[in-house]
Amino acid sequence: MDFSVVITAYNCERFIENALSSVFSQSYPPKEVIVVDDASRDQTPLILQRWNEKNPSLKVVRNERNLERCRSRNWSVQLSRGEWVCLLDCDDLWSENYLKETHEVIKGGNFSALFGLPQTFVNSEGRVIKRKKPPGESFETLLFEGRVGYPSGSCFKRDTFLRLGGYLQKYLMREDWEIFLRFYLGGEPIAFIPSHRYAIREHSLRTSRGNKKFLTATLRVYRDYIEKTPLEFKPLMKYHLALQLLRFGKKRWGRKMLLSLIKENPLLFKNKRRIWEALKRLL
């Protein structure tokens with residue numbers, strides 16, 4: 001089994017070298033590393049050129065104009081030659097055993113995709129600011145509650161990814177959540193690692209931070225998938241949407257949906273985390 005690693009980069013001069021270092025130090029080396037420079041306007045192209053000269057397994061391609069991450073990732077996967085493709089955001093980091101653990105989990109299984117939650121969150125300088133405990137919930141609970149979707153913890157069987165259409169531009173900002181919903185509801189087996197060996201970098205330039213397009217995309221995913229969602233998981237989808245409505249200032253609609261959930265599904269709020277999340281958004 002071999003892996004292609006795909007990184008998309010846009011104005012990532014501060015972090016791209018750290019991301020590349022984490023890939024090239026893997027104890028289970030990838031077959032190839034593909035970086036798509038999405039028309040960066042900073043020093044990212046020069047940094048990638050230097051790395052390309054030193055690492056023959058690194059392939060660098062550049063978009064003539066900014067195409068956003070969905071199209072860039074899909075193009076990267078089309079260019080790849082590995083049986084599996086693993087994604088890494090240009091500002092995140094893998095530990096040296098990320099691909100080794102990924103291989104151990106999926107080998108011998110009939111999986112089409114893998115998702116893992118991060119072990120840590122780091123700041124701009126790479127210092128750990130938060131360690132994430134493995135969740136006690138099932139993968140299905142996490143999925144329908146909108147807690148699945150970090151690209152840096154996502155791997156796909158290349159042929160299945162391409163057959164199912166890859167990332168869809170219409171869901172940009174929530175494309176990482178939508179693709180796992182599509183795989184799962186389409187009957188594609190997904191491996192799950194509750195605490196995988198990678199770190200998410202928290203910084204002020206992360207594209208989902210305060211971006212109202214995030215809410216628009218969430219609404220689109222909800223509308224397209226709520227009817228396809230198994231009955232037992234529909235309250236989780238509604239709960240996630242309610243939180244996002246509150247988060248982005250749609251207080252009236254968010255409160256209305258939460259009150260409806262409390263009335264119709266009181267067991268949903270036996271979970272202390274959900275009570276805390278709801279109160280945080282309401283206050």
Side-chain angles (χ1 to χ4, degrees), residues 1-9 12 14-36 44 47-61 73 76-77 79-135 139 148-161 176 180 189-202:
M1 182 187 300
D2 50 34
F3 295 98
S4 295
V5 176
V6 164
I7 302 173
T8 55
C12 202
R14 291 180 63 191
F15 309 121
I16 186 63
E17 289 195 89
N18 294 139
L20 286 169
S21 292
S22 76
V23 171
F24 281 102
S25 62
Q26 289 296 299
S27 59
Y28 189 104
K31 180 175 186 175
E32 62 184 351
V33 182
I34 301 172
V35 180
V36 174
T44 298
I47 295 170
L48 292 174
Q49 182 180 348
R50 290 200 302 268
W51 274 79
N52 198 192
E53 292 168 356
K54 296 177 182 177
N55 299 278
S57 63
L58 173 63
K59 182 174 185 177
V60 178
V61 292
R73 289 172 186 161
S76 302
V77 177
L79 294 172
S80 69
R81 297 172 295 126
E83 181 183 358
W84 279 77
V85 177
C86 292
L87 308 176
L88 176 63
D89 276 352
C90 69
D91 48 358
D92 294 336
L93 301 164
W94 285 347
S95 77
E96 63 180 7
N97 289 321
Y98 178 87
L99 288 179
K100 181 180 179 181
E101 182 172 349
T102 298
H103 175 262
E104 289 297 316
V105 170
I106 63 178
K107 70 177 182 180
N110 187 32
F111 297 110
S112 298
L114 173 140
F115 177 73
L117 287 168
Q119 287 185 341
T120 58
F121 288 79
V122 299
N123 63 12
S124 296
E125 287 71 43
R127 290 194 295 271
V128 174
I129 54 176
K130 182 169 60 175
R131 298 189 186 278
K132 193 174 181 67
K133 294 181 180 179
F139 173 77
V148 165
Y150 291 109
S152 300
S154 303
C155 297
F156 301 94
K157 206 165 189 178
R158 178 185 182 276
D159 292 348
T160 307
F161 179 93
D176 305 305
F180 279 104
I190 301 171
F192 175 52
I193 301 178
S195 181
H196 207 353
R197 298 176 183 271
Y198 71 100
I200 296 294
R201 194 186 298 271
E202 293 283 9

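Given the structure is predicted, the values throughout are model-derived calculations rather than measurements.
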*Determine, step by step, whether Gln119 and Arg197 satisfy the side chain to side chain contact (heavy atoms under 4.5 Å, CB included) criterion, reporting the C-alpha distance in whole Å, the side-chain angles of both residues, the deciding distance to 0.1 Å, and the verdict.*
CA-CA 6 Å; Gln119 287 185 341; Arg197 298 176 183 271; 4.0 Å; yes
_Any salt bridge linking Asp176 with Arg73? Criterion: basic side-chain nitrogen under 4.0 Å from a carboxylate oxygen._
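Yes, this pair counts.
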Give the minimum heavy-atom separation between [X] and [Y], together with the two atoms involved.
X: Arg158; Y: Val77; answer: NE-O, 3.2 Å
X: Asn110; Y: Pro189; answer: O-CG, 3.2 Å
X: Ile200; Y: Tyr150; answer: CD1-CD2, 3.7 Å
X: Val33; Y: Pro30; answer: CG2-CG, 3.9 Å
X: Phe111; Y: Val105; answer: CE1-O, 3.7 Å

Distance check, rounded to the nearest 0.5 Å: [X] atom [atom1] versus [Y] atom [atom2]?
X: Ser154; Y: Leu114; atom1: OG; atom2: CG; value: 8.0 Å
X: Gln26; Y: Ser95; atom1: CD; atom2: OG; value: 6.5 Å
X: Arg14; Y: Thr44; atom1: CZ; atom2: OG1; value: 12.0 Å
X: Arg131; Y: Ser195; atom1: CZ; atom2: OG; value: 10.5 Å

*In terms of ring plane angle, is the pair Tyr28 and Phe3 parallel, tilted or perpendicular, where the classes change at 30° and 60°?*
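Rings of Tyr28 and Phe3: perpendicular, as their planes differ by over 60°.
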*Look at the aromatic rings of Tyr98 and Tyr198 and report parallel, tilted or perpendicular, splitting at 30° and 60°.*
perpendicular
Under a 3.5 Å distance rule, please check whether [X] uses its side chain to pair with a backbone N or O of [Y] as donor and acceptor.
X: Trp51; Y: Ser21; result: no
X: Asn123; Y: Glu125; result: yes
X: Ser4; Y: Gly82; result: yes
X: Arg201; Y: Asp92; result: no
X: Ser112; Y: Lys157; result: no
X: Thr8; Y: Val36; result: no
X: Asn52; Y: Leu58; result: yes

Heavy atoms, side chains only, cut-off 4.5 Å: are [X] and [Y] in contact?
X: Ser22; Y: Leu88; result: yes
X: Ser80; Y: Glu32; result: yes
X: Val85; Y: Phe161; result: no
X: Leu117; Y: Phe192; result: yes
X: Glu83; Y: Lys31; result: no
X: Asp2; Y: Arg81; result: no

*Check each of Val61, Val5, Ile34, Ile7 against Ser76 using the side chain to side chain contact (heavy atoms under 4.5 Å, CB included) test, and report the only one that passes.*
Ile34
*asked:* Against Trp84, only a single residue in Asp159, Ile106, Leu99, Thr102 fulfils side chain to side chain contact (heavy atoms under 4.5 Å, CB included); can you say which?
replied: Ile106
*Are Phe180 and Phe156 an aromatic pair by the rule of ring centers under 6.0 Å?*
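Ring centroids of Phe180 and Phe156 are less than 6.0 Å from each other.
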_Can you confirm whether more than 12 heavy atoms, excluding those of Lys59, are under 6.0 Å from its NZ atom?_
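No, NZ of Lys59 has 12 or fewer neighbouring heavy atoms, counting only those of other groups under 6.0 Å.
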*Derivation and outcome, side chain to side chain contact (heavy atoms under 4.5 Å, CB included), residues Leu20 and Leu48*: CA-CA 9 Å; Leu20 286 169; Leu48 292 174; 4.0 Å; yes
